[in-house]
Asks: 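I'd like to ask you about the structure that follows.
Remember, predicted model here, so these are calculated numbers, not experimental data.
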Amino acid sequence: MQKTPKSLRLHIALFGRTNVGKSSFLNLVAGQDVSIVSEQAGTTTDVVEKPMELLPIGPVVFLDTAGIDDTTALGEKRIDRTERVFDRADVILLLHEGSESTEFEQRVEAKAAEKKIPVVKVFNKSDLYDVSDPSVLSVNSADMGSRDKVLAALKAELLRVCPDEFIAPPPLMGDLVKPGGLAMLIVPIDLQAPKGRLILPQVQTIRDALDNDAASLICKEREYAHMLSILNQKPDVAICDSQMVLKMVADTPPEIPCTTFSILFARLKGDLRKFAMGAAAIDKLEPGDKVLIAESCSHHALEDDIGRVKIPRWLRQYVGVDLEIDVYAGRDFPDNLSEYKLAVQCGGCMQNRREVLSRIEKCESAGVPITNYGLCISQTQGVLKRVLSPFPAALDAYENA
């Protein structure tokens, strides 16, 4: 891990009409030419992402979007891509031309209010318009000499509106280990393991143990039982890759709490209680029901791929009937959600918390239960209660679903 993943950064979206100065504002903040600036409408054709450090806030990623009033030939598709950004924006910077406010800006504010996203108004082109409102950020994005002043004002506004979960995010696993304690991490090295490195959930869990003054002992599933036998103290928790959950549970004494990396991420990135209730819905699937598999990262599917092969197979074996299963990858998410009887979201390590919560909200609105990979796999292996035991509220939600 050489840089902070985008999924852990504060997502700041730039919205505004065409040629209001979004791209030049991003270039001003970044201090470099990130986005193309042109007088021609529709220059920004897709969302431009710029990760950077914005101290004292920390790692952020700016999302430069196409104009919300784009009337060019590809305008409708550009606006569709722009509106998808609402699903992952933690904060919106809404750029105006001067203090002018039209139906387009009002529509963005209404959508942001509906999704509970804080909005910072930025009145651009202050060299052309007299802006006297002290409650907004007034800038001239063409003036690179004003960068320090603009950055100071922007940071102050972001700190004021920054979501609580970003300043104090939900715990990953730090509340499951005591200072000086030990976490056992069971990590398979199989075809899907990246060469020479660990995957993001494993790395984050190791770091979280260190941040909480605990230690991690990492082993493969074949060595797990042996490692337990030679320890002179019991670990505080055992955590495994979901594909190994059945063996881990079998090898773990009942007095040692255990769970999976994916379940930890279900809590960190989403709503573990709702995911647990969604897992209970697996028992209600009937022949021909449609199931959505939502894989957040776009990767080349290998033999026995977890989302495309293993989970569909385990689901069909568990319920004993044939199911119609659709797989969506990356940021694609179906509009016809109401056709599905269950949605299974991946761990979400490549998504920020807001995007996963947005998917939960969409499924709730469509009346579709949603769970995640770790809970789904544990349910089909018959061990979900065991791996939810460290989380009493989620276990209660599952049992009463």
Side-chain angles (χ1 to χ4, degrees), residues 169-190 193 198-273 275-277 279-280 306 310 314 318 347 349 371-400:
L172 180 54
M173 53 78 74
D175 57 334
L176 303 180
V177 291
K178 60 182 179 294
L182 176 67
M184 289 283 294
L185 309 184
I186 300 97
V187 176
I189 303 299
D190 56 16
L198 299 176
I199 61 174
L200 182 58
Q202 297 158 0
V203 173
Q204 282 187 243
T205 304
I206 295 168
R207 174 56 192 263
D208 203 51
L210 294 173
D211 287 340
N212 287 276
D213 304 319
S216 300
L217 176 58
I218 305 155
C219 63
K220 293 183 291 185
E221 65 277 11
R222 292 190 299 273
E223 288 74 42
Y224 174 52
H226 171 68
M227 298 304 293
L228 277 178
S229 70
I230 64 175
L231 290 175
N232 60 11
Q233 71 174 64
K234 290 185 176 69
D236 295 283
V237 64
I239 305 165
C240 74
D241 185 279
S242 295
Q243 300 177 68
M244 305 293 115
V245 68
L246 194 59
K247 178 168 175 51
M248 180 200 68
V249 167
D251 290 344
T252 305
E255 66 272 16
I256 298 176
C258 60
T259 192
T260 74
F261 291 109
S262 187
I263 289 175
L264 292 179
F265 268 71
R267 181 173 68 150
L268 179 72
K269 294 297 184 77
D271 187 324
L272 183 56
R273 290 182 67 257
F275 279 145
M277 290 188 287
I306 182 68
K310 288 185 177 180
W314 285 327
Y318 178 75
C349 61
T371 189
N372 98 324
Y373 278 20
L375 284 91
C376 175
I377 294 170
S378 298
Q379 174 74 345
T380 62
Q381 303 299 302
V383 295
L384 184 54
K385 287 186 179 182
R386 178 73 167 97
V387 292
L388 279 182
S389 60
F391 314 104
L395 179 58
D396 183 66
Y398 167 75
E399 292 179 328
N400 291 288

Asks: Nearest 0.5 Å, what's the OH-CE distance between Y224 and M248?
Replies: 6.5 Å
Asks: I need the minimum non-hydrogen distance between I256 and A238, along with the two atoms involved.
Replies: CG2-N, 4.3 Å
Asks: Within the distance-only criterion (no hydrogens, no angle test), does the side chain of T259 pair as donor or acceptor with the backbone N or O of V387 below 3.5 angstrom?
Replies: yes
Asks: Say whether, by atom type as modelled, one donor and one acceptor occur between the side chain of N372 and the main chain of F275 under 3.5 angstrom.
Replies: no
Asks: Considering residues at least two apart in sequence or located in another chain, which fulfil the side-chain contact (heavy atoms from CB on, under 4.5 Å) criterion with P179?
Replies: D213
Asks: Excluding sequence neighbours, so at least two apart, what forms salt bridge (charged side-chain N to carboxylate O under 4.0 Å, His left out) with R207?
Replies: D211
Asks: I need the I186 CD1 to I239 CD1 distance, nearest 0.5 Å.
Replies: 8.0 Å
Asks: Please set out all donor-acceptor pairs under 3.5 angstrom arising from side-chain atoms of residues 199-206, sequence neighbours excluded.
Replies:
unit_1: Q202; atom_1: OE1; unit_2: I199; atom_2: N; d: 3.2
unit_1: T205; atom_1: OG1; unit_2: P201; atom_2: O; d: 2.7

Asks: What residues, two or more places apart in sequence or in another chain, satisfy side-chain contact (heavy atoms from CB on, under 4.5 Å) together with Q233?
Replies: L182
Asks: Enumerate the salt bridge (Lys or Arg N to Asp or Glu O under 4.0 Å) contacts for residues 177-189, please, sequence neighbours excluded, ordered by first and then second residue.
Replies: K178-D236
Asks: Taking all non-hydrogen atoms of both residues into account, name the closest pair between L272 and A394 and its distance.
Replies: CG-CB, 3.6 Å
Asks: Quick check: closest heavy atoms across L395 and L388, and the distance to 0.1 Å?
Replies: CB-O, 3.9 Å
Asks: Any salt bridge (Lys or Arg N to Asp or Glu O under 4.0 Å) pairs touching residues 372-384, not counting sequence neighbours?
Replies: none
Asks: Just by distance, do the side chain of N212 and the backbone of A214 share a donor-acceptor pair under 3.5 Å?
Replies: no
Asks: Quick one: CD1 on I218 to CE on M227, what's the gap to the nearest 0.5 Å?
Replies: 10.5 Å
Asks: Can you list everything that forms a salt bridge (charged side-chain N to carboxylate O under 4.0 Å, His left out) with R267? Sequence neighbours excluded, please.
Replies: D175
Asks: Work out which heavy atom in M173 is nearest to a heavy atom in A183; give both atom names and the distance.
Replies: CE-CB, 3.6 Å
Asks: Could you report the tightest heavy-atom contact between I377 and S242, atom names first, then the distance?
Replies: CG2-O, 3.5 Å
Asks: Residues in side chain to side chain donor-acceptor pair (under 3.5 Å) with D208, at least two apart?
Replies: none
Asks: Specify the closest pair of heavy atoms between I263 and G374, including all atoms of both residues, with the distance to one decimal.
Replies: CG1-C, 4.0 Å
Asks: Can you sort out the partners of A279 under side-chain contact (heavy atoms from CB on, under 4.5 Å), two or more places apart, ordered by chain and number?
Replies: T371, L375, L384
Asks: Side chains of P235 and L228: does their closest heavy-atom pair fall under 4.5 Å?
Replies: yes
Asks: To the nearest 0.5 Å, what is the distance between NZ (K310) and OH (Y373)?
Replies: 12.0 Å
Asks: Measure the CD1-SG distance between I189 and C219 for me, rounded to the nearest 0.5 Å.
Replies: 11.0 Å
Asks: By side chain to side chain donor-acceptor pair (under 3.5 Å), which residues pair with T380, not counting sequence neighbours?
Replies: none
Asks: Within a strict 4.5 Å, meaning less than it, do heavy atoms of the Q381 and V249 side chains meet?
Replies: no
Asks: Can you pull out every salt bridge (Lys or Arg N to Asp or Glu O under 4.0 Å) where at least one residue sits in residues 372-387? Sequence neighbours excluded, please.
Replies: K385-E399
Asks: Any salt bridge (Lys or Arg N to Asp or Glu O under 4.0 Å) pairs touching residues 215-225, not counting sequence neighbours?
Replies: none
Asks: To the nearest 0.5 Å, how far apart are CG in L172 and CZ in F265?
Replies: 5.5 Å
